[in-house]
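See structure below.
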Amino acid sequence: MKRSLLLILLLFATLTHRTNAGEWVHFPAYRRTVLSNGVTLLVMEKHGAPLITVTLALKSGSLQDPAGKEGLADITNDLLRKGAANRSAEQISDDLDFIGATLETSTTYELTRVHTEFLKKDLTAGIDLFTDLILKPTYPAVEVDKLLKQRVDGIKAAKDEPLEVIGHYYQQFLFGSHPYGRPPGGDEQSTDRIRRDDVVRFHELAYVSSNMVIAACGDFSAVDMEKILSSRFGSLSPKYITALTLPDPDPVAATRLELIDKPDSTQTFFRFGNTGISVTDPDRVVVDIVNTLFGGRFTSKLNTALRIDSGLTYGAASSFERRARPGAFFINSYTQNDSTEKALNMALNVLKDLHEKGFTDAEVASAKAYIKGQFGPRVETADQLADLMIRFEIYGLDKKEVDDYAARIDAVTSADVLRVIKKDYPTTNLAFTIIGKASQIEPVIKKYSAQIETRSISDPGFGKK
Amino acid sequence: MKRILSLLALVASGLVAKAEPLVFPVETATLKNGMKVLIHEDHSIPNVALYIFFKVGSRNERPGITGLSHFFEHMMFNGAKKYGPHMFDRAMENSGGSNNAYTSNDVTVYQDWFPSEMLELIFDLEGDRIRDLNFDPKMIDSERGVVASERRTSVDNNNFGVLNEQFQAAAFIAHPYHWPVIGWMSDIQAWTLQDLKTHFSMGYAPNNAVMVVAGNVTASKFLKLAEKYIGNIPRRDPPPALRTVEPEQMGERRIRVEKFAQTPIVMIGWHVPETANPDYYPLSILQVILLNGESSRLYRRLVDKDQLAIAVDGGMSQSFDPMLFSITAQPREGIEPEKVEAALYEELDRVRKDLVDEKELQKAKNTLLAQFYRSMKTISGQANTLGSYEVFFGDYKKLLEAPDLFEKVSRDDLKRVAQKYFGEKNRTVATLIPAKEAK
């Protein structure tokens with residue numbers, strides 16, 4: 001009996017998609033339904049591990065925070081698990097942990113995310129919890145109070161780790177008064193202004209049917225899952241959220257620099273750049289190639305210069321944070337205090353060389369091979385597939401982003417590469433954010449900008465008020 | 001010889017009465033030079049995860065050469081015979097692969113992730129560096145700077161890192177777990193070429209390693225390539241067995257670290273046995289009950305109810321020798337670390353005095369099962385889990401026995417281990433106190 005059972009199971013194992021060497025990945029088929037109240041359901045089967053992922057994405061995020069109350073969207077989202085329907089915060093934690101389920105909440109500018117994963121055998125319990133949390137949070141005053149205080153302390157503690165906070169400082173310094181300059185997690189002062197009423201009102205505003213996209217991926221029948229989700233979310237009364245008009249951010253007009261003093265620091269942490277590209281930029285695939293070569297992999301130009309060849313740092317990189325509008329572009333690294341000038345100069349020289357020398361055909365080919373070779377693990381798990389379904393939905397993209405990616409990569413020419421270098425990698429008019437021991441590095445830092453602002457890491461907030 | 005690892009046994013044990021059986025075939029072999037190989041075929045993506053576990057870590061060092069295993073991990077990327085300085089990374093990334101490595105107290109693990117058509121190139125690269133690693137003085141100096149920078153980032157500029165280093169040094173007064181994996185800064189600056197060569201020949205014997213692969217490979221083809229490129233690397237004596245055993249701790253140890261900080265940190269550890277010890281199972285369950293999720297004892301008491309801590313975290317890491325069960329907490333603004341400590345000990349005393357609820361025990365078993373499935377979601381996770389079991393439990397098949405052994409743990413077992421290990425004499429307490437001024 002055991003033998004034939006084994007055989008059947010082996011057969012089952014081989015029915016999963018068999019990939020031949022050289023064959024590109026296919027984004028699996030999924031069902032998309034928009035309910036009459038505007039809720040969008042995206043459902044994909046994935047068999048193998050007996051796990052189910054369900055992710056809610058709201059088509060709005062921290063950009064909806066009222067002025068002075070940055071962090072409200074994030075807080076409203078984090079508080080979902082602190083009381084819902086007839087369950088207290090404790091009961092919710094007990095129920096989640098008893099089945100070994102995970103629950104993650106996160107917010108960014110344009111997206112609010114609630115993600116849960118549980119074992120297939122716990123489907124009903126998992127979906128029940130998920131639904132209650134999203135639709136019927138109770139926001140007990142005691143819990144709201146607790147969480148707000150925890151967050152303020154958490155922000156202060158984070159300032160002990162420069163790498164944890166340099167992004168918040170840079171974002172605010174780069175974008176200034178543009179909405180992208182407001183911290184999605186808030187800061188000590190904005191958190192202090194938030195009250196329970198704000199949270200309740202925010203939930204009513206944002207957690208509405210037309211604003212909801214729910215993606216489920218895992219070991220279930222798609223038809224059944226669709227039925228279950230429809231029954232839970234279909235009776236929500238149809239409501240809309242006012243869309244925000246978001247202008248493009250202004251690029252940096254003249255170089256500016258902020259120095260954040262952390263007097264005990266033995267290293268200088270820096271991040272500099274300008275505005276970058278959006279999620280749907282027509283050159284996004286070209287940028288993938290250029291950035292891989294410039295600062296996106298271990299053997300990139302930046303890392304080769306600053307780590308491999310000179311040993312000045314443990315890591316140097318460049319990134320484009322892509323959003324609905326152009327997000328941040330930056331070069332980042334860190335080095336010990338007395339090599340601050342050397343490292344900054346080196347990074348700026350690599351940027352200069354990018355324009356003067358560009359890349360050889362062999363280098364471009366290597367980036368193409370790297371990107372294609374590293375792609376498989378990005379579409380491996382149910383969580384990743386659910387997030388991609390959401391991404392396509394939110395940004396008006398489709399599964400060609402995956403299915404056609406290899407062909408798009410292959411189609412990039414050296415002319416494209418040159419064009420993107422000129423367009424997307426600015427060498428002048430840069431914003432610099434530097435965290436370090438001001439008493440030691442200030443004389444050196446002065447050389448990089450005529451405009452310098454200094455602040456202390458102990459100051460509340462992440463920049464100028 | 002093919003062994004089918006099957007969770008049919010799990011169904012039989014009743015632990016997952018309603019779970020679907022999962023087939024997880026593992027093929028094993030030993031190369032002619034003694035390197036053990038574990039292969040799991042998974043064709044869902046056209047990629048491969050290849051991990052090589054060398055059973056050498058900071059526990060195989062001595063004062064003067066601390067951090068050398070970790071430095072060695074860096075040097076393995078800096079040039080061998082066929083592929084010269086920096087060619088390893090270039091050849092790999094240019095063809096579509098990426099890599100990393102990590103060093104612990106016990107092992108050094110090399111990780112390669114690549115599209116399946118690169119398999120032979122990967123073997124060429126790995127064979128070259130395991131057999132003929134080159135030691136160039138210029139390379140040594142440059143990499144020394146990188147490691148110094150890594151130390152500054154992960155320890156000197158990181159309050160958790162600073163505290164952990166002092167904490168572990170106080171908990172272990174004799175055994176090699178006393179010094180940090182990254183090494184003392186003075187040792188980093190002092191390593192010589194000869195130190196490196198000696199360490200290489202000591203630790204990097206192929207018979208001292210386990211190779212694990214998960215992904216889009218065919219076992220027979222894989223083994224052929226392994227024999228061709230790795231099998232003829234001569235075997236050597238493995239590292240000598242450790243002599244020093246940590247003597248029993250005879251009283252609480254307390255240390256203070258004064259440093260510029262926004263918030264204090266408390267780190268407490270108790271000596272517990274090595275991973276292969278039977279108490280690993282009840283201790284793992286206790287770890288879930290105490291620390292996993294917002295329903296855990298310590299989160300509930302310290303973070304939620306009494307609001308004494310921003311966060312509480314901890315547990316055990318896998319080890320060859322007796323290690324620590326450690327707990328780290330960050331006190332809230334205005335809360336004295338001693339208050340956090342006191343509450344923590346009260347919670348531990350509860351599990352020492354009273355049996356946990358039946359439901360709590362079941363929760364922990366359910367959590368461990370879910371964690372197991374999660375660890376096997378990716379080919380990377382599969383390679384890591386298989387390799388860790390083989391190396392720390394002595395046999396990858398222990399993966400199959402684990403659910404049964406967890407299922408057998410009773411409430412009395414939990415009380416027994418809590419009483420045995422979580423006492424005052426067995427603990428080391430380290431506190432980071434924000435200094436008034438930075439130096």
Side-chain angles (χ1 to χ4, degrees), chain A residues 6 9-10 12-13 16-19 21-23 25 48-51 93-94 96-101 119-121 146 149-150 153-154 156-157 159-162 219 263-267 297-299 307-308 310-314 334-336 366 369-370 372-374 376-377 379-381 458, chain B residues 4 18-23 43-47 86 89-90 93-98 113-118 142-146 149-150 152-153 156-159 216 259-263 292-295 307 310 330 332-333 359 363 366-367 369-371 373-374 376-378 380 438-439:
Chain A
L6 238 39
L9 291 167
L10 274 168
F12 174 75
T16 60
H17 181 80
R18 175 171 257 282
T19 314
E23 190 183 301
V25 291
L51 290 164
S93 294
D94 285 341
L96 273 168
D97 291 352
F98 185 76
I99 61 175
L119 292 172
K120 169 185 174 155
K121 67 179 178 70
K146 242 192 277 180
K149 292 202 175 81
Q150 283 167 352
D153 281 1
K156 289 191 182 139
K159 288 183 172 178
D160 278 337
E161 317 293 335
D219 195 6
D264 67 319
S265 206
T266 59
Q267 298 207 98
R297 64 180 179 179
F298 188 79
T299 54
R307 170 172 166 162
I308 299 173
S310 65
L312 285 178
T313 185
Y314 186 58
Y334 46 89
T335 190
Q336 67 172 344
S366 82
Y370 180 81
K372 288 186 287 183
Q374 293 295 300
V379 289
E380 194 177 4
T381 67
S458 322
Chain B
I4 307 290
K18 292 170 218 152
E20 300 270 307
L22 185 76
V23 175
H43 304 285
S44 41
I45 54 171
N47 297 82
H86 304 143
D89 284 315
R90 287 207 188 107
E93 292 203 335
N94 287 353
S95 301
S98 72
W113 301 283
F114 52 93
S116 37
E117 57 263 32
M118 267 184 78
S142 158
E143 203 62 35
R144 195 196 300 272
V146 173
S149 178
E150 190 185 342
R152 269 179 220 104
T153 311
D156 303 330
N157 260 314
N158 182 317
N159 291 352
N216 195 33
K259 197 181 176 298
F260 183 88
Q262 301 289 326
T263 49
N292 208 86
E294 297 192 14
S295 74
Q307 299 181 66
I310 297 168
Q330 282 176 282
R332 295 283 297 273
E333 179 109 357
K359 195 167 185 208
K363 169 186 78 166
N366 294 348
T367 297
L369 180 69
Q371 281 177 0
Y373 281 117
R374 284 189 185 107
M376 303 294 251
K377 268 200 292 196
T378 61
S380 204
K439 259 186 290 175

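Because only heavy atoms are used, hydrogens play no part in the values below, and waters and symmetry mates are left out as well, while side chains stay in. Chain letters run A, B, ... following the sequence lines, proteins first and then strands; every chain starts at 1. Just so it is clear, the model here is predicted, and its values are computed rather than measured.
- The minimum heavy-atom distance between Ala370(B) and Gly100(A), with the atom names listed, is CB-O, 3.5 Å.
- Under the 3.5 Å distance criterion, the side-chain polar atoms of Thr367(B) are matched with a main-chain donor or acceptor of Asp97(A).
- Only the side chain of Leu51(A) has a heavy atom closer than 4.5 Å to any heavy atom of chain B.
- Residues forming a salt bridge (charged side-chain N to carboxylate O under 4.0 Å, His left out) with Lys146(A) (at least two apart in sequence, or on another chain): Glu143(A), Asp304(B).
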Could you check Asn94(B) against Tyr370(A) for side chain to side chain contact (heavy atoms under 4.5 Å, CB included), going step by step and ending with a plain yes or no?
CA-CA 6 Å; Asn94(B) 287 353; Tyr370(A) 180 81; over 6 Å; no
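- Counting only heavy atoms from C-beta outward, the side chains of Ser265(A) and Asn157(B) approach each other to under 4.5 Å.
- Annotation for Asp94(A) and Ser295(B): closest pair OD1-CB, 3.3 Å, computed over non-hydrogen atoms.
- Glu294(B) and Ser93(A) make their closest contact through CB-OG, 3.3 Å (heavy atoms, listed as atom of the first residue, atom of the second, distance).
- Comparing Pro377(A), Ser458(A), Gly373(A) by heavy-atom pairs within less than 4.5 Å of chain B, the highest count is held by Gly373(A).
- For the residue pair Glu93(B) and Thr299(A), a side-chain donor N or O sits within less than 3.5 Å of a side-chain acceptor on the partner.
- A distance of 11.0 Å separates CG in Leu96(A) from NZ in Lys363(B), rounded to the nearest 0.5 Å.
- When the candidates Asn292(B), Thr153(B), Asp156(B) are compared by the number of heavy-atom contacts under 4.5 Å with chain A, Thr153(B) comes out ahead.
- Taking all atoms of both residues into account, the shortest heavy-atom contact from Asp160(A) to Gln262(B) is OD1-N, 2.7 Å.
- Remark: Phe114(B) engages no residue in a ring-ring contact (aromatic ring centres under 6.0 Å, His included) (not counting sequence neighbours).
- Between Phe298(A) and Ser98(B), every side-chain heavy-atom pair lies at or beyond the 4.5 Å cut-off.
- Of the two parts of Glu161(A), only the side chain, counted from C-beta on, holds a non-hydrogen atom closer than 4.5 Å to a non-hydrogen atom of chain B.
- Contacts of Arg144(B) with chain A are absent, with no heavy-atom separation under 4.5 Å from either backbone or side chain.
- Residue contact with chain A, scored on non-hydrogen atoms closer than 4.5 Å, involves the backbone and the side chain of Glu333(B) alike.
- Rounding to the nearest 0.5 Å gives a distance of 7.5 Å between OG1 of Thr335(A) and CZ of Arg152(B).
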side-chain hydrogen bond (donor to acceptor under 3.5 Å, both in side chains) between Gln336(A) and Ser149(B), worked out:
CA-CA 7 Å; Gln336(A) 67 172 344; Ser149(B) 178; over 6 Å; no
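- No donor-acceptor distance shorter than 3.5 angstrom exists from the side chain of Asp153(A) to the backbone of Arg332(B), with no hydrogens or angles considered.
- Contact annotation for Lys259(B): only side-chain heavy atoms (C-beta onward) come within less than 4.5 Å of a heavy atom of chain A.
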Using side chain to side chain contact (heavy atoms under 4.5 Å, CB included), reason through Leu119(A) and Leu369(B) one step at a time and then give a plain yes or no.
CA-CA 9 Å; Leu119(A) 292 172; Leu369(B) 180 69; 4.2 Å; yes
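- Contact of Ser95(B) with chain A is made through the backbone alone, with heavy-atom distances under 4.5 Å.
- Between atom CD1 of residue Ile308(A) and atom CZ of residue Arg90(B) there is a gap of 6.5 Å, rounded to the nearest 0.5 Å.
- Your options are Gln150(A), Lys372(A), Lys149(A), and the one with the most heavy-atom pairs under 4.5 Å with chain B is Gln150(A).
- Across Lys159(A), Gln374(A), Lys156(A), the residue that shares the most heavy-atom pairs under 4.5 angstrom with chain B is Gln374(A).
- Of the atoms belonging to Asn47(B), it is side-chain heavy atoms, and not backbone ones, that fall under 4.5 Å from chain A.
- Closest approach of Tyr314(A) to Val146(B), counting heavy atoms only: CD1-CG1, 4.0 Å.
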